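Treat the numbers as computed from the prediction; the structure is a model and nothing was measured. Per chain, numbering begins at 1; letters A, B, ... match sequence-line order.
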There are 2 protein chains.
Amino acid sequence: MLEAGYAAVSSRRVAARAGVTGALVHYYFGTMDELFVAVFRRIAERSLERQARVLSSVQPLWGLWDSTRDQFNTALLMEFNALASHHQAVQDEIATYSRRFRRMQIDIISSVLESYGIDAAAWPPVTIILLMTGISRFMMIEEAFEIDIGHSETVALVERLIRELEGERRPTAEDYLARFSNSRF
Amino acid sequence: MLEAGYAAVSSRRVAARAGVTGALVHYYFGTMDELFVAVFRRIAERSLERQARVLSSVQPLWGLWDSTRDQFNTALLMEFNALASHHQAVQDEIATYSRRFRRMQIDIISSVLESYGIDAAAWPPVTIILLMTGISRFMMIEEAFEIDIGHSETVALVERLIRELEGERRPTAEDYLARFSNSRF
DNA sequence: GTCTATACCGAGATAGAC
DNA sequence: GTCTATCTCGGTATAGAC
């Protein structure tokens with residue numbers, strides 16, 4: 001999907017990459033729709049676990065910000081979004097998981113912001129979450145097109161605001177471990 | 001593209017919708033790539049003209065905000081984004097026009113914000129533009145999936161900030177004309 | 001469980017008649 | 001300029017041998 005777009009993902013090519021024949025793909029996954037849903041679900045489950053970890057760190061805002069600034073996952077999600085426009089089963093799957101992600105973010109970030117003394121009436125936590133994830137995803141999409149006008153200034157502004165609340169970004173134990181691993185999921 | 005995704009746009013289907021045969025599509029547009037580029041260019045040119053108008057109104061921030069909150073254009077742009085991932089010519093076209101849009105926004109909004117007394121060092125105009133368009137596009141994408149958790153609060157916050165600078169939103173002459181037209185481009 | 005073979009479809013593109 | 005006819009390719013999916 002990342003190499004050539006979702007439309008280039010065919011049972012033949014999947015089979016070839018896996019070193020088997022096309023018939024086996026259908027034998028195990030049924031239709032291509034079901035295969036796409038299976039792939040999305042696996043990625044989404046692992047991302048949910050990852051988000052739970054970064055949100056429960058000592059710097060939840062840094063965790064949220066860094067985890068959304070991941071070109072790999074953003075590009076993949078964009079492919080699934082495009083795919084979903086004419087695959088209802090995929091669309092439902094994305095919607096379900098998106099709500100789970102959002103609810104988890106709200107649960108944790110709300111209490112975090114309250115502990116930082118942010119006025120929830122003037123700056124609702126859910127709005128801060130949407131602003132952070134929205135601008136992050138937007139810039140990731142643009143960067144895939146080599147457009148980065150104003151990005152450095154915007155990153156600087158967001159990180160300045162986070163820094164005022166949580167201090168300098170500190171690497172987590174997971175960051176150290178990541179240096180010894182190539183795993184993306 | 002909106003009905004069934006870009007992958008469903010074939011020379012045969014385009015021809016059928018136009019009431020001609022597939023051969024004619026190739027006769028006039030060459031390859032499908034060239035057809036997609038031609039379509040994008042036509043839409044982009046008209047959107048550029050539209051943006052120039054709303055940015056030169058008496059309420060440029062309202063104009064920018066409202067013009068980005070257009071589900072029709074957002075959905076179409078998402079299709080082109082997805083298409084671009086494996087069509088280099090389309091990707092170049094999108095990048096070129098995106099930069100033109102951005103530069104126009106910066107040119108006009110910068111002086112507008114200065115006249116409003118916004119400190120450009122603390123809040124760079126380009127960052128305010130990115131925040132507004134980014135969060136807007138993000139919500140449009142989510143709404144296509146029927147996800148709207150926190151959207152109303154976020155819209156309320158953005159519009160409160162715009163209102164502090166430009167007062168209540170006032171309909172333009174174009175808005176009145178739009179009531180008598182179904183034209184989308 | 002895995003393969004080969006195949007049915008069937010629709011895609012992009014072009015040749016050539018009119 | 002527009003058509004019909006056709007080539008070639010690759011897609012999904014299944015049947016049936018092993």
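- Formation of a donor-acceptor pair under 3.5 Å by the Q59(B) side chain with backbone atoms of E168(B) is found in this model.
- Contact between F101(B) and A44(B) at its shortest, heavy atoms only, is CZ-O, 3.8 Å.
- Counting all heavy atoms, side chain and backbone alike, G150(B) lies closest to V126(A) at CA-CG2, 3.5 Å.
- Listed by first then second residue, pairs satisfying salt bridge (charged side-chain N to carboxylate O under 4.0 Å, His left out) with a partner in residues 73-100 of chain A read R41(A)-E93(A), E45(A)-R100(A), not counting sequence neighbours.
- Side chain of R69(A) to backbone of T133(A): no donor-acceptor contact under 3.5 angstrom is found.
- No side-chain donor-acceptor contact under 3.5 Å links D148(A) to the backbone of H151(A).
- Rounding to whole angstrom units, CG of residue L24(B) and P of dA5(D) are separated by 16 Å.
- For the pair Q71(A) and A144(A), the tightest heavy-atom approach, listed with the atom from each and the gap, is NE2-CB, 4.2 Å.
- Taking the ring centroids of Y6(B) and Y6(A), they lie under the 6.0 Å cut-off.
- In this structure, the helix from dG1(C)-dC18(D) to dC18(C)-dG1(D) shows an angle of 10° between the axis at its start and the axis at its end, each fitted on 5 base pairs and rounded to 10°.
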Handout entry: nucleotides 12-18 of chain D: protein proximity per nucleotide (B base, S sugar-phosphate only, - neither; heavy atom, under 4.0 Å)
Key = BBB----
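- Distance, F29(B) CZ to dT14(C) P: 16 Å, rounded to whole Å.
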